[in-house]
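Since the structure is predicted, the reported quantities are computational estimates derived from the model, not experimental observations. Below, chains carry the letters A, B, ... as their sequence lines are ordered, and counting in each starts from 1.
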Amino acid sequence: MDLTFTPEQEAFRAEARAWLAAHVPRTPLPSMDTAEGFRRHREWERVLHDGGYAMVSWPVEYGGRGCNLIEWLIFEEEYWGAGAPGRVNQNGIFLLGPTLMEFGTPEQKARYLPKMARSEEVWAQGWSEPNAGSDMAAIRTSARLDGDHYVLNGQKTWCSRAAFADWIFCLVRTDPTSERHKGLSFILVPLDTPGVRVRPIPQLDGETGFAEVFFDEARVPRVHRLGEEHQGWKIAMATAGFERGLMLRSPARFQATARRLRRLWEARGADADPTLRDRVVRAWMDAEAYSLSTYATASRLIAGGSIGAEASLTKIFWSEMDVRMHETALALLGADAGLLPPVAPPEAAGWLDGFLFSLAGPIYAGTNEIQRNVIAERVLGLPRD
Amino acid sequence: MDLTFTPEQEAFRAEARAWLAAHVPRTPLPSMDTAEGFRRHREWERVLHDGGYAMVSWPVEYGGRGCNLIEWLIFEEEYWGAGAPGRVNQNGIFLLGPTLMEFGTPEQKARYLPKMARSEEVWAQGWSEPNAGSDMAAIRTSARLDGDHYVLNGQKTWCSRAAFADWIFCLVRTDPTSERHKGLSFILVPLDTPGVRVRPIPQLDGETGFAEVFFDEARVPRVHRLGEEHQGWKIAMATAGFERGLMLRSPARFQATARRLRRLWEARGADADPTLRDRVVRAWMDAEAYSLSTYATASRLIAGGSIGAEASLTKIFWSEMDVRMHETALALLGADAGLLPPVAPPEAAGWLDGFLFSLAGPIYAGTNEIQRNVIAERVLGLPRD
Amino acid sequence: MHFAFEDEHLRFRDSVRGVLDRVCAPAAVRKVWEDAPAHDAGRWRALAELGLLGLLAPERAGGLGLDEVSMVLALEETGRAALPEAIVDTALVAVPLLAGLEDHGIADPWLGRIAAGEVVVGVGCQPNPWVAHADAAELLLLVDRDEIHALPRAEVRSEPLPHLDAAQRLFRVAWTPSARTRVAAGAHGRRLHAAAVDRGALGAAAQLLGVAARLIEEAVGYAKQREQFGREIGSFQAIKHRLANARVRLEFARPVVYRAAFGIARDLPARGRDASHAKLVAADAAAFAARAALQVHGAIGYTWEVDLHVWMKRAWALETTWGTSGWHRGRLAAAVLDPHEEAS
Amino acid sequence: MHFAFEDEHLRFRDSVRGVLDRVCAPAAVRKVWEDAPAHDAGRWRALAELGLLGLLAPERAGGLGLDEVSMVLALEETGRAALPEAIVDTALVAVPLLAGLEDHGIADPWLGRIAAGEVVVGVGCQPNPWVAHADAAELLLLVDRDEIHALPRAEVRSEPLPHLDAAQRLFRVAWTPSARTRVAAGAHGRRLHAAAVDRGALGAAAQLLGVAARLIEEAVGYAKQREQFGREIGSFQAIKHRLANARVRLEFARPVVYRAAFGIARDLPARGRDASHAKLVAADAAAFAARAALQVHGAIGYTWEVDLHVWMKRAWALETTWGTSGWHRGRLAAAVLDPHEEAS
């Protein structure tokens, strides 16, 4: 055990910090859920890529710089510490990318990863269906093989980024006689395929962070299938593992939030409810714990270990922490909390949006109820329901 | 609506207060879970009875003074405000008594209630069995009719007060072919019946607040059955309703606890964790809410209403409130919290015992998990599991 | 001691619910968000016809001469319906304030017009500095230190403060106090101000109860029809227990709010403490219900399309009107821990 | 940056667990409650043979010369076993304190005897004023302002303080500081005292992790065999989710404790802050696990007969040793909110 950083790691940190200081946009980009904001975020990804920072932990051949996970965490700390924009291609670089590296053919890796690293192709995800939310194995969208194409019919929903993305990865039923987890395949679909229609879903904040995607006899080349036919569940579970586990919410984000919360306390604490002081400290404690836990996970992965059901512990922790931090911020803001720009005071910036977004955390990537079942059954060994 | 007390009610309060001031033992009685403490508590009940305060809400003919429920609540406020002892015959006066008044024959009422009011006969309760705890309908203790006697065989457990009580009320299976809620009867059993054996169960605090009761061909006269044969479940549910509802934990107890907590805060708060101040206020808030809710329930009952599944809301509220209050007290006591008499400082008196007792609250009288099921299904109308 | 509503209170509540179901369905609130003024003259008149607007006004001025106990259940209904109009500020706060002025000549015409549903009144003071519906208010009652001032809309400048709950039309109001606008001062002004704050808190608390109840209803309804894993999700203990917990909070918030209504109606010494208690527990019940209802709905509850956010946003908005929870917690703690008084 | 234990740490933990399973089964702890001295010479020697007692002592004095990182997993095991002996005070606090004295002539003989399992050392200071196992301690290290004093048992008077956790043998110790008993003073004394507090908090935190883990294990085991309503209670979501929540708290407490061990081993500037953080989260994880485990057991968990209270009581007792949660919360808040420092 050594919790200090090596001189090389410190050098990498300094280099990343300097680069970010020079390149991070001075003013926040417009929301990536608008056409203009999406474009600007995609541009920013290109800047990142050209600086060598799009996905530092990827191999050089795919557009990364071959860093290990510790260095990736260092980069994330600098990235969020610098107030850099959210990652518009998160579905690609953090979820599909690692899945492709594990399950893709050499051709598939060469085809998809470099464009993903440049965000020349931005990815949406297509897990859920109207009747397959928490119960993901209830998927009904079908893909029948016709020559060297799959023909897709059905509907996906809660597809994040789908409104403006280029591609979507989906879990679909390739064996029409199959049930539940069997007979599913993992297929990558260009969103401009004829027969694919995208309908953005407005959220409660009025933004359209996700969309429904309809497939009506949409023909997708067979080579876009990832992994074996009918073996999609296993691959999806690996992707979901990345989602719940290390990649989806890097600790640096929450540490940055905890620091912002402390500054808000400094600005507002004197007049605020004295019980909030403890909640500001709690935010720091939680963010630290999450960071430490992530460094431990990264160390284990580097040593050849893997993330299993423990990813569910992580999902619960960060999603609940995120809600608590934002609730604390709103309480510090008092009556200013609900005001919208431009009348909201400067110190309120981002907190209300962040609060609303945090509320989705216990729902997406597998509801926390599902995660608790997973922990109970697979970590603790309790019997199934 | 009128939340002020009438002159008559105020007069009754003043009278009760004066009487209690003159009669409540100056020093706390020994624990009622010891032979000596039980005897002393029984004596105190006799003092109460002779003063006319054993069960103020009972009819005069059974040893009460015919007060309504509002006056009972007033008495309870004075009782707990005066620091009077716990009620050793609680199972009798608060649970079985009201059940007898609703379901007993005139002979049964005349036989049991006056002796109960004087605590000449102290009652234990016999709901649970080793394999019928939360699942009370799984009861297996049998009572077969043999002439004008029932012959009991089986085992009850968690029988509060059984170590020293005179009688126990039990739910037993009179129809051996029956299942679940059917075929059960409600039977009153003298604990000195041949074939009845009581084994006290030491608790985690070393006290023996409850016991196991074994029945081995114990013969009980048929006239000790309460209500119709095989109809015991309905009666038990009524008793359990009293238990969860108005009678088991009168609000005055928690208001007295909240006041003690405030005094502890005054003594210890200056040096304590500042977050505890809010928890002391929370205790007051909770106790007030519970008191107000109880006055509303009493008003409804006086107007001819009844308590149904809402009793489960009450059980959850007071049991969780009680734990919170005691946790707060222990936090205020800091390192003194775990010390036992005689070295514990005077302001610590009662808090540790109270804390341990509070932990049983979410378990007894139907676990809070069961109560939440009841609320979900019977108050909210959600489907059964 | 009789802690129950009378039959006429319950009947009045039912009438109000019936009318609100008709004139204030979720679609109507959504229309306000999108393109309608928040104040709807038709809805306002419907409330006047029920007697709600003049309920607290003396009979001589065209009111019903009733008290806050008679009003609190109806206010709960306005929360349940997420009513956009300034019902609390006008009918619960402004009416008694006007009726408490020494000069009936000023007050009574306004009271008559309020009871008739002809005017809205905006109220601004600490701890409720932003004036709701100042755009629709013909009269503004504004507090400056120990003075109460009454101004027509034309004499103030109002800057709109867009809010997450788009039906909360809040304004920062700039105005100049003068002897001409002053209607009360000194001890009398302070008393009226204090009473206004307590009534505002009570009104927000009552509405929060209704919001909490509606959120639970919506979640229960959804949990009974949504199926996952081959069964209604409402049969899972995780769902059941969460909603049961929400119901417990609501159950024990209600009598606290009703007690506050009684204390204000009788002007009891603990009215301020009890109003703060009411606001705190009602806000807590509503916030808890909002979290529970959203989690039960899952992603669908996060969409604009589903009505759930009508009440979620109202829950969050009301938590900070007429005193934030922090403000009330401070006031309550001071009262409860006051060393000069044995807490009751 | 490499946040993982080495193989030898894991092997050492396994050895300690194996020995404790043998010499410190729950029945042994219960025997201590009832009639045995809390300090068992055989158990103590078994720990010495493992190398645990002299682990932090320099090799010149018969120790292993290792650091807190090498020790923390083993201490977790002592919590899991509810070990009664003064392992934290002797092996984690007293050993480095003695090793840090300037006069090796005083320290080394004691260190050798500690490593050999021949003596217990009691430690008393703020915020740990009561001395554990003062009855068994041959040497007492006591703090008086900025001075550290070392006294043989014969020179102090000890009043036993009976505790809910009957295996916690605590004493109020009366003694007279003198130049003869003084072993460190001034800046050096303060430094040793501060390090002792951090180590004590770390030790209690590590034990609390073990207690929490054991409570969860016990509850899981019970939930898998107890049936109600015709199925194992562990198949009910209410049980599953509560234990899952307990597991989440434990999971995220562990790395905080391990970080504190590293910080103390390296004497990093944030060691005090991190030790307080560790103590707080470990106490919270254990308290939550205790409540969950009791509720899962139901009435049977409330009995003397079932072992559950062995760990419940230890969870509550450790929460107030080497600084209460309130004390640590205050120290942590001061560090985190210190305006002179950007929180890391």
Side-chain angles (χ1 to χ4, degrees), chain A residues 127-128 130-138 157-158 160 180 200-210 212 268 271-276 320 323 327 330-344 352-353 355-357 359-364 367-370 372-373 385, chain C residues 33-34 127-130 159-166 168 170-172 226-231 233 235-239 242 287 290-291 294-310 312-314 316-330 333:
Chain A
W127 293 141
S128 299
N131 290 303
S134 288
D135 184 9
M136 202 162 100
T157 192
W158 320 127
S160 54
R180 309 289 305 157
I201 305 176
Q203 297 168 183
L204 49 77
D205 58 0
E207 302 275 3
T208 52
F210 37 53
E212 292 176 294
R268 293 282 189 128
D271 300 326
D273 183 346
T275 64
L276 295 175
E320 297 190 344
V323 174
E327 284 176 341
L330 296 196
L332 278 167
L333 287 166
D336 290 336
L339 298 184
L340 303 180
V343 300
L352 182 60
D353 285 349
F355 169 66
L356 296 177
F357 183 66
L359 293 179
I363 295 170
Y364 62 74
T367 65
N368 285 11
E369 286 73 23
I370 298 292
R372 288 192 179 92
N373 283 347
D385 204 346
Chain C
W33 288 353
E34 279 151 25
N128 191 58
W130 299 330
E159 176 204 356
L161 299 171
H163 195 276
L164 175 68
D165 178 356
Q168 292 288 101
L170 300 177
F171 295 84
R172 183 177 283 127
R226 168 75 170 169
E227 292 188 11
Q228 289 280 272
F229 304 101
R231 48 196 267 208
I233 62 167
S235 69
F236 287 107
Q237 276 191 338
I239 302 280
R242 191 154 190 170
R291 276 297 302 283
L294 176 59
Q295 192 67 20
V296 167
H297 277 76
I300 194 89
Y302 203 74
T303 62
W304 185 268
E305 182 185 348
V306 166
D307 288 330
L308 194 66
H309 59 138
V310 169
M312 285 200 289
K313 289 172 176 172
R314 187 60 55 87
W316 301 325
L318 287 171
E319 197 256 328
T320 62
T321 61
W322 286 104
T324 63
S325 288
W327 189 86
H328 286 291
R329 191 172 289 117

Partner chain C: residue of [options] with the largest heavy-atom pair count (under 4.5 Å):
options: A/Leu332, A/Val323, A/Asn373; answer: A/Val323
options: A/Gly133, A/Ala138, A/Ala132; answer: A/Gly133
options: A/Ala344, A/Gly209, A/Pro362; answer: A/Pro362
options: A/Leu356, A/Leu204, A/Ile201, A/Leu276; answer: A/Leu204
options: A/Leu339, A/Leu352, A/Asn368; answer: A/Leu339

Please look at [X] and chain A and tell me whether the side chain, the backbone, both or neither of the residue comes under 4.5 angstrom of a heavy atom of that chain.
X: C/Glu159; answer: side chain
X: C/Pro160; answer: backbone
X: C/Trp327; answer: neither
X: C/Ile239; answer: neither
X: C/Ala299; answer: both

Verify the neighbour count for atom CD of C/Glu305: are there more than 12 heavy atoms of other residues, nucleotides or ligands below 6.0 Å?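 At most 12 heavy atoms, drawn from other residues, nucleotides or ligands, come within 6.0 Å of this atom.
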Residue [X] versus chain C: region with a heavy atom under 4.5 Å:
X: A/Thr157; value: neither
X: A/Asp336; value: both
X: A/Pro274; value: neither
X: A/Arg180; value: side chain
X: A/Glu207; value: neither

As an exercise, state the distance from OG1 of C/Thr324 to CG of A/Leu330, rounded to the nearest 0.5 Å.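 One gets 12.0 Å once the value is rounded to the nearest 0.5 Å.
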How many angstroms lie between CH2 in C/Trp316 and CZ in A/Phe355, if you round to the nearest 0.5 Å?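 Result: 4.5 Å between the selected atoms.
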What's the shortest heavy-atom distance between [X] and [Y], and which atoms?
X: A/Val343; Y: C/Pro162; answer: CG2-CD, 3.5 Å
X: C/Phe229; Y: A/Asp135; answer: N-OD2, 2.7 Å
X: A/Leu359; Y: C/Arg291; answer: CD2-CD, 3.5 Å
X: C/Trp130; Y: A/Ala335; answer: CZ3-O, 3.1 Å

With chain A as the partner, which of C/Ile233, C/Leu161, C/Asn128 has the greatest number of non-hydrogen pairs under 4.5 Å?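 It is C/Leu161.
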As an exercise: rank C/Gln168, C/Glu227, C/Arg226 by heavy-atom pairs under 4.5 Å with chain A and give me the winner.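 When all of C/Gln168, C/Glu227, C/Arg226 are compared, C/Arg226 has the most.
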Could you walk me through whether A/Tyr364 and C/Tyr302 satisfy the side chain to side chain contact (heavy atoms under 4.5 Å, CB included) test, starting with their C-alpha distance in whole Å, then the side-chain angles of each, then the deciding distance to 0.1 Å, before giving a yes or no? CA-CA 10 Å; A/Tyr364 62 74; C/Tyr302 203 74; over 6 Å; no
So, does C/Gln228 use its side chain to make a donor-acceptor pair with the main chain of A/Asn131 at under 3.5 Å?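 Looks like yes, one N/O pair under 3.5 Å.
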